[in-house]
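Worksheet: the structure to be examined is printed underneath.
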Amino acid sequence: MDLLFEGAIKFKEENFLVYKELFENLKEGQNPHTLFVGCADSRVVPNLITNTLPGELFVVRNIANIVPPYREAEEYLATTSAIEYALEELKVENIIICGHSHCGGCAALHEEGHFESMPNVKNWLKLIEPVKEQVLALNPKNKAMRAYLTEQINIEKQIVNLFTYPKVKEKYLARTLNIYGWHYIIESGEVYNYDFKRHEFNLLKA
């Protein structure tokens with residue numbers, strides 16, 4: 001904990017001062033241009049990956065960067081409500097669904113009994129069971145290829161789910177809302193962007 005306390009003090013005394021004027025302006029409210037839906041994995045840091053400042057991204061993170069199909073319900077829907085808020089209240093212009101390499105949630109789909117002691121995690125991952133079926137149908141040659149396909153097909157699946165949210169399809173077709181699927185490679189820093197027409201991921205280049 002000492003490390004965290006020291007970090008908070010250093011932020012206030014050093015890093016905060018660099019952006020003091022920005023934070024002063026942000027006290028009046030937020031106006032992010034992009035909703036970033038990413039995995040809760042500690043190795044995935046949205047502002048670092050996108051090189052953005054505080055106030056630019058509205059971030060939603062969960063295990064395996066899942067976008068549940070839209071529905072209204074009496075129980076508490078954290079991810080769904082956050083996406084709904086970004087669309088209706090913040091009126092974001094862009095949505096990025098970002099998966100990543102070496103994703104534990106995606107890998108767990110192929111490991112029976114892995115989350116037996118974590119019933120809520122196990123139930124959450126039921127949302128992406130269809131991804132497992134698609135991957136196995138492709139008969140991947142090895143475990144690494146299976147992981148790669150699972151991560152990318154999972155991103156495609158979440159894009160499909162995103163279109164179940166109110167007005168998303170209309171805004172996308174009207175070109176007032178941009179939607180991107182990213183596959184971030186942890187060990188190289190590379191980001192592959194989903195091509196909607198070719199249904200493939202292409203490396204982002206300068």
Side-chain angles (χ1 to χ4, degrees), residues 19 21-41 44-73 75-100 103 105-106 124 127-128 130-131 134 151-185 189-206:
Y19 301 108
E21 185 176 346
L22 172 61
F23 282 112
E24 183 67 24
N25 292 331
L26 287 174
K27 73 178 182 181
E28 302 299 333
Q30 62 171 324
N31 186 31
H33 50 70
T34 299
L35 164 63
F36 187 102
V37 181
C39 185
D41 193 297
V44 179
V45 186
N47 288 94
L48 280 178
I49 296 170
T50 58
N51 194 33
T52 50
L53 296 171
E56 292 191 76
L57 299 181
F58 187 74
V59 179
V60 178
R61 301 179 68 174
N62 59 50
I63 295 173
N65 44 272
I66 294 173
V67 175
Y70 185 79
R71 65 190 178 95
E72 296 181 21
E75 71 261 35
Y76 308 108
L77 307 178
T79 297
T80 301
S81 61
I83 295 172
E84 185 179 67
Y85 185 82
L87 289 164
E88 296 296 327
E89 180 68 20
L90 301 176
K91 302 189 184 305
V92 293
E93 301 168 9
N94 312 293
I95 299 177
I96 297 171
I97 298 175
C98 183
H100 65 95
C103 179
C106 287
W124 175 253
L127 287 167
I128 57 174
V131 172
Q134 284 183 256
E151 290 154 7
Q152 292 198 344
I153 291 175
N154 180 48
I155 295 166
E156 292 181 88
K157 173 62 176 173
Q158 306 322 311
I159 292 173
V160 171
N161 288 348
L162 184 60
F163 280 104
T164 67
Y165 284 67
K167 304 176 186 176
V168 167
K169 185 176 182 179
E170 293 87 341
K171 289 180 179 180
Y172 177 74
L173 293 175
R175 297 185 179 181
T176 58
L177 178 65
N178 302 306
I179 297 174
Y180 305 98
W182 283 8
H183 188 207
Y184 168 59
I185 310 302
E190 294 172 319
V191 174
Y192 289 80
N193 184 51
Y194 183 66
D195 185 321
F196 279 76
K197 292 182 179 179
R198 299 191 177 194
H199 302 286
E200 63 184 24
F201 286 79
N202 299 312
L203 177 64
L204 289 180
K205 299 179 181 178

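Side-chain atoms of R61 come within 3.5 Å of backbone N or O of C39 as a donor-acceptor pair.
A distance of 12.5 Å separates CD in E72 from OG in S81, rounded to the nearest 0.5 Å. We find the CD1-OH distance between I159 and Y194 to be 6.0 Å, quoted to the nearest 0.5 Å. To the nearest 0.5 angstrom, E151 atom CD is 9.0 Å from N65 atom CG. Note that CG of L127 is 8.0 Å distant from CG of N161, once rounded to the nearest 0.5 Å. Here the CG atom belonging to N202 is positioned 13.5 Å from the NE2 atom belonging to H183, to the nearest 0.5 angstrom. Summarising the geometry, atom OH belonging to Y192 is positioned 6.0 Å from atom CD1 belonging to I185; distances are rounded to the nearest 0.5 Å.
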Let me see the working for V60 and V67 under side-chain contact (heavy atoms from CB on, under 4.5 Å), right down to the final yes or no. CA-CA 10 Å; V60 178; V67 175; over 6 Å; no
Evaluate the criterion side-chain contact (heavy atoms from CB on, under 4.5 Å) for residue pair T164 and K169; output intermediate values, then yes/no. CA-CA 8 Å; T164 67; K169 185 176 182 179; over 6 Å; no
Let me see the working for W182 and I49 under side-chain contact (heavy atoms from CB on, under 4.5 Å), right down to the final yes or no. CA-CA 11 Å; W182 283 8; I49 296 170; 4.2 Å; yes
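At a threshold of 4.5 Å between non-hydrogen side-chain atoms, the residues N25 and K27 do not count as touching. Contact check for Q158 versus I128: side-chain heavy atoms found under the 4.5 Å cut-off. Taking the side chain as every heavy atom from C-beta outward, T34 and I95 never approach each other to under 4.5 Å. Between F201 and D195, the closest side-chain pair of non-hydrogen atoms is not below 4.5 Å. By the 4.5 Å heavy-atom criterion applied to side chains, P54 and L22 are counted as neighbours. A 4.5 Å side-chain heavy-atom check between V191 and L204 finds at least one atom pair inside the cut-off. The shortest distance between side-chain heavy atoms of L57 and I96 does not fall below 4.5 Å. Side-chain contact between K167 and E88 is present, with at least one heavy-atom pair separated by less than 4.5 Å.
Residue C103 comes nearest to A64 through the heavy atom pair SG-CA, 4.2 Å, listed as atom of the first residue, atom of the second, then distance. Heavy-atom minimum distance, K171 versus L87: NZ-O, 3.6 Å. Taking both residues in full, the closest heavy atoms of T79 and P68 are given as CG2-CD, 3.6 Å, listed atom of the first, atom of the second, then distance. In terms of heavy-atom proximity, P69 sits nearest to Y165 at C-CE1, 4.4 Å. Summarising the geometry of I155 relative to G181, their closest heavy-atom pair is CG2-CA, 3.7 Å, with the distance given to 0.1 Å. Of all non-hydrogen atoms in D41 and H100, the two that sit nearest each other are OD2-CE1, 3.3 Å.
Other residues, nucleotides and ligands contribute more than 12 heavy atoms inside 6.0 Å of the CZ atom of F163. No more than 12 heavy atoms of other residues, nucleotides or ligands shown are found within 6.0 angstrom of CG on N51. Around the CD atom of E21, the shell of radius 6.0 Å holds no more than 12 heavy atoms that belong to other residues, nucleotides or ligands.
The side chain to side chain contact (heavy atoms under 4.5 Å, CB included) with H33 is formed by just one residue from the set L90, N178, N94; it is N94. Test N47, T50, I97 against F36 for side chain to side chain contact (heavy atoms under 4.5 Å, CB included) and you get one pass: T50.
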